[in-house]
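When a ligand or atom number is given, it counts from 1 through the structure's own listing order. Worth saying up front: this structure is predicted, and the values here are computed from it rather than measured.
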Amino acid sequence: MLTLNGFVKGEVTDYKQWTDNEFSITVKADIGPYVAGQFTKLALQDENGEWLRRAYSFVNSPNHALGRKCMEFLIIDVPNGGLSPKLAKVNIGDDIYVGDKPSGFMTLAEIPSNATNLWLLSTGTAIGPFLSILGESETQQRFEKIILVHAVRTKQELVYQALIEKLLQQYNGKLVYLPIVSREQHPGIMSGRIPQLLKDSSLMNAVKISPNKQNSFFYLCGNPAMVHDTRDVLIELGFEKHLRRSPGHFSFENYW
Ligand SMILES: Cc1cc2nc3c(=O)[nH]c(=O)nc-3n(C[C@H](O)[C@H](O)[C@H](O)COP(=O)(O)OP(=O)(O)OC[C@H]3O[C@@H](n4cnc5c(N)ncnc54)[C@H](O)[C@@H]3O)c2cc1C
Ligand SMILES: NC(=O)c1ccc[n+]([C@@H]2O[C@H](COP(=O)([O-])OP(=O)(O)OC[C@H]3O[C@@H](n4cnc5c(N)ncnc54)[C@H](OP(=O)(O)O)[C@@H]3O)[C@@H](O)[C@H]2O)c1
């Protein structure tokens, strides 16, 4: 594996467009090991030869059928962004640079051993690392219930429906999927924002599961304002932030 400033040259092997500004790319690159829920960096050069590098979470588990050197990323093309509009324009066969040392603590290993109910709360592209975690057989064995919440602006942004359907079947009743759309109304789809829906118990009522301090753990990921407001609600409900030296009930990853 030839590395240059911590990056390995890889190749774009697939591209899927979900909406006008959301897409997934598949990349092949000989990077170092990673675990489900982690992220690496992608890098491209701009017009002046300057490197643009940003963090992106794996959507796949490293143990998927295609092997860990084949990886998938779900990306939003941020208007006037530095790197994401360039990633939106890549073609299959293009070179892409991938950080060779993935990292991140939003993993199975960080969840306290007493947790049997796992709540995965995401906005936008942050469903990616949760799909990675759900791709691990350990997740299916270890937890009694897993609640996957995905909050987006529009129904079109409820991505990976086929994969989620497959996971629901595979998890055989252990997995509950709760999509939320904030800027449209659709029959049968919850409307609103995660913190408020948690505060007024709508989330719990919808999945018919009440979290408690004995067996529940929450991962929050995505929009930092959602993470901030959800933390506040969880604390109000009596849950505590998880620290390795002092096990708690929730942990999070901000995307910006
Ligand atoms: C640990 C980690 C994992 C990440 N994983 C992903 C991922 O899997 N997919 C992904 O698309 N992005 C992810 N991001 C965000 C990503 O690193 C970039 O910030 C994003 O692609 C924008 O980069 P840019 O250069 O185009 O925009 P910049 O010029 O850097 O503009 C940044 C602004 O874009 C907006 N923004 C950034 N990321 C997002 C996002 N995901 N959704 C909505 N708005 C956003 C915010 O307003 C932010 O202030 C992750 C970030 C972190 C820290
Ligand atoms: N040009 C376009 O048409 C277009 C379309 C989509 C996205 N974008 C760009 O893409 C980026 C946003 O992408 P995104 O839609 O994936 O992410 P996002 O703005 O984080 O929205 C995802 C979800 O998070 C919710 N949210 C926002 N703030 C929250 C808070 N404080 N608490 C709880 N929930 C909150 C949103 O609800 P709300 O809807 O209530 O905010 C939405 O349901 C921005 O850069 C935006 O400019 C552009």
Side-chain angles (χ1 to χ4, degrees), residues 15-27 34-46 50-60 71-90 96-99 101-107 110 121-133 149-160 178-186 189-200 202-203 218-234 251-256:
Y15 188 106
K16 178 167 178 45
Q17 189 83 45
W18 298 103
T19 70
D20 286 350
N21 64 348
E22 197 172 11
F23 58 98
S24 292
I25 55 172
T26 305
V27 172
Y34 56 95
V35 299
Q38 288 193 314
F39 60 88
T40 186
K41 286 193 172 174
L42 295 178
L44 290 173
Q45 275 177 307
D46 70 10
E50 295 291 325
W51 285 100
L52 296 167
R53 55 197 84 172
R54 301 278 188 272
Y56 296 94
S57 303
F58 300 100
V59 176
N60 61 288
M71 55 208 96
E72 186 166 342
F73 304 96
L74 169 66
I75 302 174
I76 190 145
D77 179 353
V78 174
N80 307 314
L83 181 59
S84 61
K86 292 189 166 40
L87 292 171
K89 292 197 193 81
V90 296
I96 186 164
Y97 289 80
V98 187
K101 288 194 180 63
S103 55
F105 296 103
M106 203 171 64
T107 62
E110 298 295 323
L121 310 183
S122 61
T123 55
T125 52
I127 191 174
F130 294 155
L131 293 175
S132 169
I133 287 172
V149 178
H150 189 205
V152 293
R153 295 179 180 188
T154 64
K155 189 178 175 200
Q156 236 197 333
E157 292 162 327
L158 293 172
V159 294
Y160 287 109
L178 185 63
I180 302 173
V181 170
S182 54
R183 300 194 184 186
E184 295 170 347
Q185 297 289 334
H186 292 280
I189 300 183
M190 185 165 264
S191 178
R193 285 178 159 194
I194 290 172
Q196 189 55 41
L197 296 169
L198 198 60
K199 193 176 170 134
D200 68 13
S202 301
L203 283 191
F218 297 81
Y219 266 142
L220 329 177
C221 190
N223 185 316
M226 178 282 285
V227 169
H228 178 274
D229 295 355
T230 304
R231 281 174 59 183
D232 286 353
V233 175
L234 287 173
S251 209
F252 51 85
E253 187 166 86
N254 286 317
Y255 264 15
W256 63 91

Checking contacts here: is it the side chain or the backbone of [X] that comes within 4.0 Å of ligand 1, counting heavy atoms only? Could be both or neither.
{"X": "F39", "value": "side chain"}
{"X": "Y56", "value": "both"}
{"X": "L83", "value": "both"}

Who's the nearest protein heavy-atom neighbour of [atom], and how far?
{"atom": "atom 15 (O) of ligand 2", "result": "R153 NE, 2.9 Å"}
{"atom": "atom 29 (C) of ligand 2", "result": "R193 CZ, 3.4 Å"}
{"atom": "atom 32 (N) of ligand 2", "result": "M226 CA, 3.4 Å"}
{"atom": "atom 42 (N) of ligand 1", "result": "I76 CG2, 3.2 Å"}
{"atom": "atom 2 (C) of ligand 1", "result": "A55 CB, 3.6 Å"}

* Between I96 and L87, does a side chain to side chain contact (heavy atoms under 4.5 Å, CB included) hold up when you go through it step by step? -> CA-CA 9 Å; I96 186 164; L87 292 171; 3.7 Å; yes
* Asked: Under the 3.5 angstrom rule, does the side chain of E110 hit a backbone N or O of T107 as a donor-acceptor pair?
  ->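 The answer is no, because no donor-acceptor pair under 3.5 Å joins these two groups.
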* Is a side-chain donor or acceptor of S103 paired with a backbone partner of T40 at a separation under 3.5 angstrom? -> no
With the threshold set at under 4.0 angstrom, would you say [X] reaches ligand 1 through any of its heavy atoms?
{"X": "P129", "value": "no"}
{"X": "F73", "value": "no"}
{"X": "L87", "value": "no"}

* For atom 53 (C) of ligand 1, decide whether some protein heavy-atom distance is shorter than 4.0 Å. =>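 True for atom 53 (C) of ligand 1.
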* Ignoring hydrogens, tell whether any protein atom lies closer than 4.0 Å to atom 3 (O) of ligand 2; use the non-hydrogen atoms only. =>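 No, there is none.
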* At a 4.0 Å cut-off, with the gap strictly under it, does some heavy atom of E157 reach an atom of ligand 2? -> yes
* Can you figure out which of I127, N223, V78, V59 has its heavy atom closest to atom 35 (C) of ligand 1? =>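 Checking each option, the heavy atom nearest atom 35 (C) of ligand 1 is found in V78.
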* To do: Check each of L74, L52, I75 against atom 7 (C) of ligand 1 and report the one with the nearest heavy atom.
  => L74
* Asked: Less than 3.5 Å between some nitrogen or oxygen of S84 and one of ligand 1, yes or no?
  -> yes
